[in-house]
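Quick caveat, the model's predicted, so the values are computed rather than measured.
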2 protein chains.
Amino acid sequence: MTMDDRKQKILQSIVLDYVETAEPVGSRAMVKKHGLRISAATVRNEMADLEDMGYLEQPHTSAGRIPSQKGFRYFVDCMMESQELSEQEIDLLYQMARNNVKDWDEVISGIAQFLSQITHYTSFIIMPAVHVSQFRFLQLVPLEKGRAVVLLVTDMGLIMHRKIEIPESITPEELTTIAEVLNRTFSAKKMGEITRSDLQTIRNDLNQRKKVLEVTLNAIDSLLESSSGERVVVSGLINLLREPEFRDLDKLKRIITLLEEDVVLRSVVPNEVSEQVDILIGNENPIQEMKDLSMVFTGYKSFGVLGKIGLIGPVRMEYWKATGTIEAVRSIVQEIIQKYY
Amino acid sequence: MTMDDRKQKILQSIVLDYVETAEPVGSRAMVKKHGLRISAATVRNEMADLEDMGYLEQPHTSAGRIPSQKGFRYFVDCMMESQELSEQEIDLLYQMARNNVKDWDEVISGIAQFLSQITHYTSFIIMPAVHVSQFRFLQLVPLEKGRAVVLLVTDMGLIMHRKIEIPESITPEELTTIAEVLNRTFSAKKMGEITRSDLQTIRNDLNQRKKVLEVTLNAIDSLLESSSGERVVVSGLINLLREPEFRDLDKLKRIITLLEEDVVLRSVVPNEVSEQVDILIGNENPIQEMKDLSMVFTGYKSFGVLGKIGLIGPVRMEYWKATGTIEAVRSIVQEIIQKYY
DNA sequence: GGTTAGCACTCAACAGAAGAGAGTGCTAAC
DNA sequence: GTTAGCACTCTCTTCTGTTGAGTGCTAACC
């Protein structure tokens with residue numbers, strides 16, 4: 001049995017209908033709705049074929065057909081065109097991104113919100129870990145007596161600070177000197193490569209300013225610690241509520257609990273993500289618990305750092321809309337990163 | 001009709017039972033369960049009285065009784081003792097708070113998570129706006145050519161930074177001078193009192209370093225902007241899923257959408273919160289949409305700044321547990337703030 | 001040979017009826 | 001004032017019949 005044009009058309013109609021209504025699609029109703037030129041009986045025959053081929057499923061004997069995951073896969077691979085965002089939506093996105101020249105964090109969570117609002121799916125953004133970016137610069141800023149701020153800058157332009165306490169006798173000039181020494185040592189090292197043994201070596205080298213070094217190094221240590229993991233932002237979990245497939249409260253609870261765990265998301269999205277939009281449908285997800293969910297995601301790259309943006313929804317997902325939106329958002333994120341640098 | 005001891009005891013039993021089971025409590029079952037020394041019939045008479053007095057309600061004629069909101073209020077006011085956290089839980093809390101000497105943000109969201117995990121209710125923390133705290137100090141730190149960081153310190157020890165672009169010709173010394181001028185001008189002003197007209201005045205004063213001033217003032221402006229509102233953290237929304245009263249998906253969706261809006265929470269919690277634990281039961285909430293929810297909250301204060309911590313759950317809430325937990329968390333937050341300063 | 005009309009059959013979903021069970025209110029006795 | 005007894009109420013569950021959308025098969029049609 002081969003997939004001819006008519007079968008394709010029928011499969012497509014079923015997918016579109018099912019995505020819209022979440023109900024099994026019957027032959028009669030379908031012919032009517034899509035104004036097909038063939039009779040319901042013919043459609044039934046074709047449907048039976050498609051079921052044999054594994055593209056369709058029947059919830060029970062006297063129900064219509066729904067696309068199987070294989071059916072969705074075929075649809076996505078061979079028949080779908082990704083739908084671009086409307087002018088309005090793009091405007092909105094640009095506007096939001098521009099207004100928010102605030103924190104990178106705020107920009108990111110704004111974008112996640114945008115994603116979930118536009119698509120009505122759950123969105124996520126995985127921000128790359130700091131330790132893969134390059135160290136660029138460190139500064140010690142004196143505050144009032146006995147206090148200072150460690151200011152750490154990475155090549156991505158990410159700035160972090162931490163307050164430290166220092167002996168009151170230390171002068172601003174001494175602070176500067178210490179900062180210079182540290183800068184020379186760390187210069188152009190990857191953040192992740194600044195090991196504790198490095199820190200130890202330096203500790204020994206500069207005994208006379210021990211106390212300042214001590215706290216500074218501790219601060220750096222803790223900055224590294226606090227941002228060494230990838231940050232994960234998830235937005236629009238409530239959108240899952242609107243999907244009839246998650247009516248079951250237990251199921252819903254399980255899924256939400258799952259998605260709230262950063263670890264899960266990080267492990268589910270492949271490590272190496274291309275800059276194309278990838279789709280994982282139901283069982284294609286690496287973990288069993290997500291068999292009823294699909295993911296549409298892509299990577300964004302900048303200066304060798306890889307982040308991931310994606311949408312999560314039911315298998316019965318408007319993939320065309322999801323891919324289009326992700327595409328648009330990816331490019332604007334890239335653009336912001338460019339400018340930020 | 002007066003509230004005698006026996007009536008109290010019966011009301012209490014009904015409240016406890018109902019909080020536990022979410023089912024109307026019948027006379028017979030209650031007598032059995034609580035081993036009361038009176039017969040079911042007597043209890044029925046008392047129940048009828050309590051209903052007349054408004055403390056109980058009957059979902060329908062042949063069902064048991066449930067406490068009315070007035071009943072809960074009476075229980076909370078006259079009969080409840082708040083239940084302290086267990087040693088274990090306190091340990092856990094301290095441990096968590098100490099490990100997280102990271103960002104204030106992270107500490108806060110960690111505490112919110114703790115709250116919702118321990119109690120199984122939804123927790124929120126409203127962090128005070130920055131503009132009510134005092135300006136203390138500002139520093140301009142040169143980065144590589146053409147870039148600098150504005151470092152802003154408030155009296156609470158809150159440090160904020162923002163990257164700015166400056167003309168390449170500006171020397172680090174000039175930056176220092178500019179920072180000094182700004183410091184003299186702003187010194188000891190409340191953040192909120194730094195008006196745009198202030199900024200304008202200074203703009204005019206120092207024409208020669210116009211460009212740097214421009215971007216610095218813009219940065220300050222945007223820092224003020226971005227943190228001028230109170231920040232709201234909500235955690236454990238999923239806990240609502242476990243409550244039988246929110247089985248109805250539509251209701252649930254409405255409530256979650258409500259609680260996700262920072263604005264709503266900010267407007268619902270009274271502006272002036274004492275350092276005692278307050279309770280709002282159902283209709284006592286200022287907005288109609290929250291009539292099925294109760295709030296248990298308190299204020300934490302430090303250097304004149306007022307933040308709020310609270311729990312949100314169904315009217316059928318374990319108030320004793322909630323108040324105890326809030327109490328414990330309030331005191332640890334205070335402690336952290338003390339140390340942080 | 002592909003297409004279509006016709007028809008018997010299937011099955012979920014809905015609606016009503018019957019029965020069980022938990023609970024109440026009232027009355028009369030203790 | 002307290003309690004046992006009893007009739008009554010109302011929800012919830014179970015069962016049953018009905019409806020309707022949909023299928024698969026067969027025979028006729030082009």
Side-chain angles (χ1 to χ4, degrees), chain A residues 1-11 13-15 17-18 20-68 71 244-245 247-248, chain B residues 1-11 13-15 17-18 20-68 71 244-245 247-248:
Chain A
M1 222 155 358
T2 57
M3 176 67 91
D4 57 21
D5 269 11
R6 194 168 67 184
K7 283 202 177 56
Q8 266 205 5
K9 183 93 189 73
I10 289 174
L11 177 56
S13 303
I14 293 177
V15 168
D17 259 28
Y18 180 64
E20 184 185 339
T21 64
E23 299 289 326
V25 184
S27 53
R28 233 177 102 75
M30 198 190 81
V31 170
K32 260 191 203 156
K33 182 160 179 184
H34 288 81
L36 298 186
R37 302 256 137 172
I38 47 184
S39 78
T42 310
V43 171
R44 278 201 290 281
N45 289 331
E46 296 286 39
M47 277 176 161
D49 288 355
L50 282 168
E51 188 171 354
D52 286 345
M53 294 161 76
Y55 295 116
L56 294 182
E57 281 170 1
Q58 223 173 352
H60 57 266
T61 328
S62 71
R65 302 298 208 295
I66 63 176
S68 66
E245 30 268 272
R247 279 284 154 73
D248 177 17
Chain B
M1 222 158 355
T2 56
M3 175 67 89
D4 55 23
D5 268 9
R6 195 168 66 184
K7 283 199 178 57
Q8 266 205 6
K9 182 90 188 77
I10 288 175
L11 177 56
S13 302
I14 292 177
V15 168
D17 259 27
Y18 180 63
E20 184 185 339
T21 64
E23 298 289 328
V25 184
S27 53
R28 230 175 105 73
M30 199 191 79
V31 171
K32 258 191 206 158
K33 183 161 180 181
H34 287 81
L36 298 187
R37 302 257 141 168
I38 46 184
S39 78
T42 311
V43 172
R44 278 203 288 280
N45 289 333
E46 296 286 40
M47 277 176 162
D49 289 354
L50 284 167
E51 187 171 356
D52 286 345
M53 296 160 77
Y55 295 117
L56 293 182
E57 281 171 359
Q58 223 175 354
H60 58 267
T61 329
S62 70
R65 303 298 208 296
I66 64 177
S68 66
E245 30 269 273
R247 278 285 154 72
D248 178 17

inquiry  = Please report the distance, rounded to the nearest Å, between NE2 in B/His60 and P in D/dT11.
reply    = 5 Å
query = Between B/Lys7 (NZ) and D/dT2 (C1'), how many Å, whole number?
reply = 14 Å
task = Give the minimum heavy-atom separation between A/Val25 and A/Met47, together with the two atoms involved.
result = O-CE, 3.7 Å
query = Does B/Asp5 CG have over 12 foreign heavy atoms under 6.0 Å away?
reply = no
task = Have a look at B/Thr61 and say if it touches a base, only the backbone sugar-phosphate, or nothing, with a 4.0 Å heavy-atom cut-off.
result = sugar-phosphate
ask   = Ignoring hydrogens and angles, does a donor from either the side chain of A/Ser62 or the base of C/dT10 sit under 3.5 Å from an acceptor on the other?
value = yes
message = So, does A/Arg6 get its side chain near the phosphate of C/dT3, meaning an N or O under 4.0 Å from OP1 or OP2?
response = yes
query = Going by modelled atom types, is there a donor-acceptor pair between the base of D/dG24 and the side chain of A/Arg44 at under 3.5 Å?
reply = yes
task = Figure out the CG/P separation between B/Asp17 and C/dG23, and round it to whole Å.
result = 11 Å
message = Can you confirm whether A/Lys33 is buried at NZ, in the sense that more than 12 heavy atoms of other residues, nucleotides or ligands lie under 6.0 Å from that atom?
response = yes
ask   = Side-chain N or O of B/Arg65 less than 4.0 angstrom from OP1 or OP2 on C/dG25?
value = yes
message = Can you measure B/Leu56 atom CG to C/dT24 atom C1' for me and round it to whole angstrom units?
response = 14 Å
Euclidean distance, atom CD of residue B/Gln58 to atom C1' of C/dG23 [Å, nearest integer] = 8 Å
ask   = Any idea which heavy atoms bring B/Ser13 and B/Met30 closest together, and the distance?
value = CB-SD, 3.8 Å
query = For D/dT3, does either OP1 or OP2 sit under 4.0 Å from a side-chain N or O belonging to B/Thr42?
reply = yes
Closest-nucleotide 5' rank along DNA chain D - winner of B/Ala41 and A/Ala41 = B/Ala41
inquiry  = I need the minimum non-hydrogen distance between B/Ala22 and B/Pro244, along with the two atoms involved.
reply    = CB-CG, 3.7 Å
ask   = Rounded to whole angstrom units, what separation is found between the CG atom of A/Asn45 and the P atom of D/dC25?
value = 9 Å
task = Nearest whole angstrom, please: distance from the P of C/dC26 to the CD of B/Glu51.
result = 11 Å
query = Nearest-Å distance, CD (B/Glu46) to P (C/dT24)?
reply = 14 Å
